[in-house]
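Comments concern the structure below.
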Amino acid sequence: MEIKRQQEVVEAFHYDMRTEDMGEVETDLRVGFSPIESTDENYPKENSIIAARLEFRLIFEEYILSGSVSQINHVINHKIENQEDISQEEVDELVSPLFSIVQRMAYEITEIALDKPGIQLNFQSAAE
């Protein structure tokens, strides 16, 4: 699958120290996709524009990392209109940059905040 990607957008990123009053919170990852219709009449009909978004809440003993990142993708010569038009492998390929940027930010922020080597996140799909 050929993808032309726009720049990732960090919509929100939070580093919060855990406190006693937070109660029970759980790690949560949500990936979403939205097809976007092109307003350009010359945009190739066989291509697709897909907005990918990752919302995350990562719970650790001392802190919580949360936020959302997104990216617009142009999928060349592959029309995607609904979930059946895309395989799990293609989904993984579309969202890979979003997980990478969260990994990078998590490492950098925890390294600065804790004054020690940052956290190394390892996101793996269930198929791996």
Side-chain angles (χ1 to χ4, degrees):
M1 177 168 72
E2 182 182 353
I3 303 171
K4 294 195 188 237
R5 302 176 187 275
Q6 292 183 0
Q7 179 68 38
E8 300 96 337
V9 175
V10 178
E11 298 170 4
F13 186 89
H14 303 277
Y15 170 95
D16 298 300
M17 294 298 295
R18 281 190 76 165
T19 60
E20 301 276 331
D21 64 341
M22 286 185 161
E24 194 63 34
V25 288
E26 295 182 9
T27 290
D28 187 28
L29 296 170
R30 294 182 189 179
V31 176
F33 295 97
S34 298
I36 299 174
E37 289 294 322
S38 175
T39 56
D40 180 355
E41 62 186 41
N42 295 321
Y43 193 82
K45 300 287 184 221
E46 65 277 6
N47 294 356
S48 300
I49 305 172
I50 303 293
R53 188 164 194 254
L54 170 62
E55 295 178 22
F56 59 93
R57 183 176 60 224
L58 306 170
I59 310 301
F60 299 92
E61 190 174 318
E62 298 176 30
Y63 54 88
I64 298 172
L65 303 176
S66 61
S68 59
V69 293
S70 63
Q71 185 176 46
I72 303 295
N73 299 279
H74 299 268
V75 182
I76 310 303
N77 294 323
H78 184 50
K79 196 66 177 164
I80 302 171
E81 295 176 334
N82 56 52
Q83 192 170 353
E84 291 77 35
D85 295 335
I86 189 166
S87 70
Q88 184 60 48
E89 184 177 284
E90 291 169 326
V91 167
D92 292 345
E93 185 178 353
L94 277 172
V95 298
S96 173
L98 301 180
F99 282 99
S100 293
I101 199 165
V102 170
Q103 287 173 313
R104 195 169 146 214
M105 289 188 303
Y107 180 86
E108 297 291 337
I109 294 299
T110 56
E111 181 178 52
I112 293 165
L114 302 172
D115 195 26
K116 59 184 182 184
I119 186 81
Q120 294 277 348
L121 298 177
N122 184 14
F123 295 112
Q124 302 253 335
S125 74
E128 292 184 58

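Numbers here simply count residues along the sequence, with the first being 1.
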Would you indicate whether the side-chain heavy atoms of [Y] and [X] approach each other to under 4.5 Å?
| X | Y | answer |
| --- | --- | --- |
| Arg57 | Ile64 | yes |
| Ile86 | Leu94 | yes |
| Val9 | Val69 | no |

Around [X], counting heavy atoms of other residues, nucleotides and ligands shown, do more than 12 lie under 6.0 Å from its [atom1]?
| X | atom1 | answer |
| --- | --- | --- |
| Glu37 | CD | no |
| Lys79 | NZ | yes |
| Glu89 | CD | no |

Does [X] use its side chain to pair, donor to acceptor, with the backbone of [Y] at less than 3.5 Å?
| X | Y | answer |
| --- | --- | --- |
| Arg18 | Phe60 | yes |
| Asn73 | Val75 | no |
| His78 | Asp85 | yes |
| Asp28 | Phe56 | no |
| Thr27 | Ile59 | yes |

According to a 4.5 Å side-chain heavy-atom criterion applied to Ile, Leu, Val, Met, Phe, Trp and Tyr, with indirect links allowed, do [X] and [Y] form part of one hydrophobic cluster?
| X | Y | answer |
| --- | --- | --- |
| Leu54 | Tyr107 | no |
| Ile101 | Leu58 | yes |
| Ile80 | Phe33 | yes |
| Met1 | Val31 | yes |
| Leu65 | Val10 | yes |

Looking at [atom1] of [X] and [atom2] of [Y], how far apart are the two atoms once the value is rounded to the nearest 0.5 Å?
| X | Y | atom1 | atom2 | result |
| --- | --- | --- | --- | --- |
| Leu29 | Leu98 | CG | CG | 11.5 Å |
| Ile76 | Ile3 | CD1 | CD1 | 9.5 Å |
| Phe13 | Ser68 | CZ | OG | 11.0 Å |
| Asp16 | Glu62 | CG | CD | 14.0 Å |
| Arg30 | Glu55 | CZ | CD | 6.5 Å |

(request) Mind telling me whether Tyr63 and Tyr15 have parallel, tilted or perpendicular rings, with 30° and 60° as the class edges? (result)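 If you compare the ring of Tyr15 with that of Tyr63, the planes turn out parallel.
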
(message) Restricting to non-hydrogen atoms, name the atom on Gln71 and the atom on Glu8 that form the minimum distance, rounded to 0.1 Å.
(response) NE2-CG, 3.8 Å

(request) Kindly give the heavy-atom pair with the smallest separation between Glu90 and Ser87, and that separation in Å. (result) OE1-N, 2.9 Å

Ignoring hydrogens and angles, write down the donor-acceptor pairs under 3.5 Å from the side chains of residues 113-123, residues two or more places apart or on other chains.
residue, atom, partner, partner atom, Å
Asn122, OD1, Gln124, NE2, 3.2

(message) Checking Asp40 against Ser38: is there a side-chain donor and acceptor pair closer than 3.5 Å?
(response) no

